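For this chain, numbers begin at 1 and follow the sequence in order. Quick caveat, the model's predicted, so the values are computed rather than measured.
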Amino acid sequence: MQSMFTALLALVAPVPPQESAAKPAPEIVVTGTRLSDSKKALDACIARRCPPKEDIAATLAHAENLFVAGKYENAQNTAAAGIRRNRGFAAKLPREVASLFRAHARLSAHLGEVALERSSTIDMVSSLRAGLGNDNPDVLVGQIELADVYAKVFNVRIAENNYREIEKAALAIGNRKVEGYARFRRGILLASLAKPDYAYTFRARQVFRELADSPVPEHAAFAAAARQGLERMSMRGASPERINQMLASIRSAPPTARPTLLYGEPVDLNNARTATNAQSEGAVMSGTSMMSADLIEDQWIDVAFYIDANGLPQAIETIRTSDHYSGDWAKAVAKSIATRRYAPLTIVNGEPGVFRVERYTKTASMQVMTGSRLATRSPIARIEMTDLSVEPTASAGAGSANVPRPIV
């Protein structure tokens, strides 16, 4: 189940440095740059040997267009080629080069290539460090991303140790915001393990309580998220009536402009848990739901919905599917979204809500089996999600939304 590791991450509004609708919704029109145009722009840039910064921007624009079009391998190859051309400029353009590695890592995740996801994330951190030094907040946040990747591939001990080291490093340079961010991520890690192993429950609550009670001003945003994390843990196994009571108390807070997830059930692709305990732990950590890994090639959907003023998802609709989409797992995604509860939102008069579009990919990790040198698909499928919504929020008054940069 994915409830803690994925849903709790959505509670963090500020990042450190860096099925029935209440009323008819307007027609959804998604617009964006044509693939032919982004390819032409990239080819022209390469042909004239444009400066690295322009090359990276054109590369990312085309890779992202390919991703939105469902051409994952082409997108990954485009990002990889951009890395080969520009990785030597990390000292001068650390953030830009890091964005190439970050894009490559996220594309690899959707393709189930966990080893490439990890190595590209390591290279992303190295690129930031090359130009910014070890103590720069962006480097520390990049290290948090790497710890997240270790958590997702079951390396719980490495991930927790990394979070702790980042907390210490941030505290040593006086950056309390990054310290709080790393601590909150550590709390998420422990909370995600609390369901299959209740020995983690006490430790998770302890971390969340430390943040919730912290007097440090820079911890304020994470203190609020930690309190919501404690509420979410108490909701586990609670009746629908009890959940609604707890959510009602949280909703008493003033409305916000940015959607903040308070509660949501995981995408349940298979009610039967067929994996080993270790694999089950990994499924929890990576935000997966387990089922047979058959038919995972070219399996993605785009789901659109609105969040109304009360924080309720409305007009949930699968607006696009891959050419070879099969099965009915889109229904499981819609069912999961329908259970979400967001904090109250400030909605412009006359608009149905805040518009969201999310890409879901059903994939399975590539792994080398014992006694073989060939990588094969894991029998455990998982869901990768990328938010395609315009950030920080997209209002739906005009009935249209531009597809943003989803993988940077």
Side-chain angles (χ1 to χ4, degrees), residues 1-11 19 67-68 70 72-73 75-76 105-114 116-118 145 148-149 151-154 188-189 191-193 195-196 261 263-275 279-305 313 316-340 356-367 377-389 406-407:
M1 294 178 69
Q2 69 185 32
S3 52
M4 269 298 170
F5 193 66
T6 52
L8 269 176
L9 288 177
L11 296 174
E19 189 123 49
F67 173 78
V68 172
Y72 289 5
E73 291 185 356
Q76 185 191 47
R106 293 182 180 177
L107 288 163
S108 298
H110 279 267
L111 285 166
E113 297 178 352
V114 293
L116 280 178
E117 180 188 10
R118 181 175 63 251
E145 291 183 53
D148 290 344
V149 171
K152 193 167 76 169
V153 294
F154 326 153
I188 294 171
L189 168 64
S192 70
L193 296 169
K195 183 77 178 281
L261 183 65
Y263 179 79
E265 293 294 328
V267 178
D268 185 7
L269 296 180
N270 189 346
N271 291 327
R273 303 185 67 81
T274 58
Q279 289 171 323
S280 297
E281 177 180 292
V284 173
M285 290 306 307
S286 59
T288 67
S289 190
M290 295 180 300
M291 64 181 299
S292 173
D294 59 332
L295 298 177
I296 55 89
E297 301 297 336
D298 191 31
Q299 296 292 306
W300 58 263
I301 60 174
D302 287 342
V303 181
F305 60 98
I316 303 167
E317 180 183 359
T318 299
I319 58 173
R320 293 177 67 206
T321 65
S322 55
D323 290 340
H324 298 97
Y325 169 82
S326 64
D328 60 357
W329 59 273
K331 294 180 180 178
V333 171
K335 183 177 180 180
S336 169
I337 294 173
T339 68
R340 294 183 190 174
R356 311 299 288 175
V357 179
E358 296 174 350
R359 164 68 57 87
Y360 290 84
T361 303
K362 189 175 81 169
T363 187
S365 299
M366 298 296 295
Q367 59 184 23
R377 290 286 183 186
S378 164
I380 304 173
R382 72 171 191 270
I383 295 291
E384 289 284 344
M385 189 275 279
T386 293
D387 192 348
L388 301 183
S389 309
I407 58 173

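Of all heavy-atom pairs spanning A381 and A364, the tightest one is CA-CB, 4.2 Å. In this structure, F305 and P313 approach most closely via the heavy-atom pair CD1-CB, 4.2 Å. The shortest non-hydrogen separation linking E358 to D387 is CG-OD1, 4.1 Å. Listed here is the closest heavy atom pair of V357 and S389: N-OG, 2.9 Å.
The structure places CZ of R382 at 5.0 Å from NZ of K152, a figure rounded to the nearest 0.5 Å. Note that OG1 of T321 is 9.0 Å distant from CG of D298, once rounded to the nearest 0.5 Å. Note that the CG atom of L111 and the CD atom of E117 stand 10.5 Å from one another [nearest 0.5 Å]. I380 contributes atom CD1, which lies 13.0 Å from atom CD1 of I296 (distance to the nearest 0.5 angstrom). Atom CG of D302 and atom OG1 of T318 lie 9.0 Å apart (nearest 0.5 Å). Within the model, atoms NZ of K362 and OG of S326 stand 5.5 Å from one another, a figure rounded to the nearest 0.5 Å.
Checking R359, H110, E384 one by one against W300, the side chain to side chain contact (heavy atoms under 4.5 Å, CB included) holds for a single residue, R359.
Annotation: side chain of Q76 is in contact with side chain of L116 (closest heavy-atom distance under 4.5 Å). Between I337 and Y360 the shortest side-chain heavy-atom distance falls below 4.5 Å. Residues T363 and Q299 form no side-chain contact, since every pair of their non-hydrogen atoms from C-beta on lies 4.5 Å or further apart. At a threshold of 4.5 Å between non-hydrogen side-chain atoms, the residues V68 and R320 count as touching. Put simply, the side chain of W329 reaches to within 4.5 Å of the side chain of I301, judged on heavy atoms.
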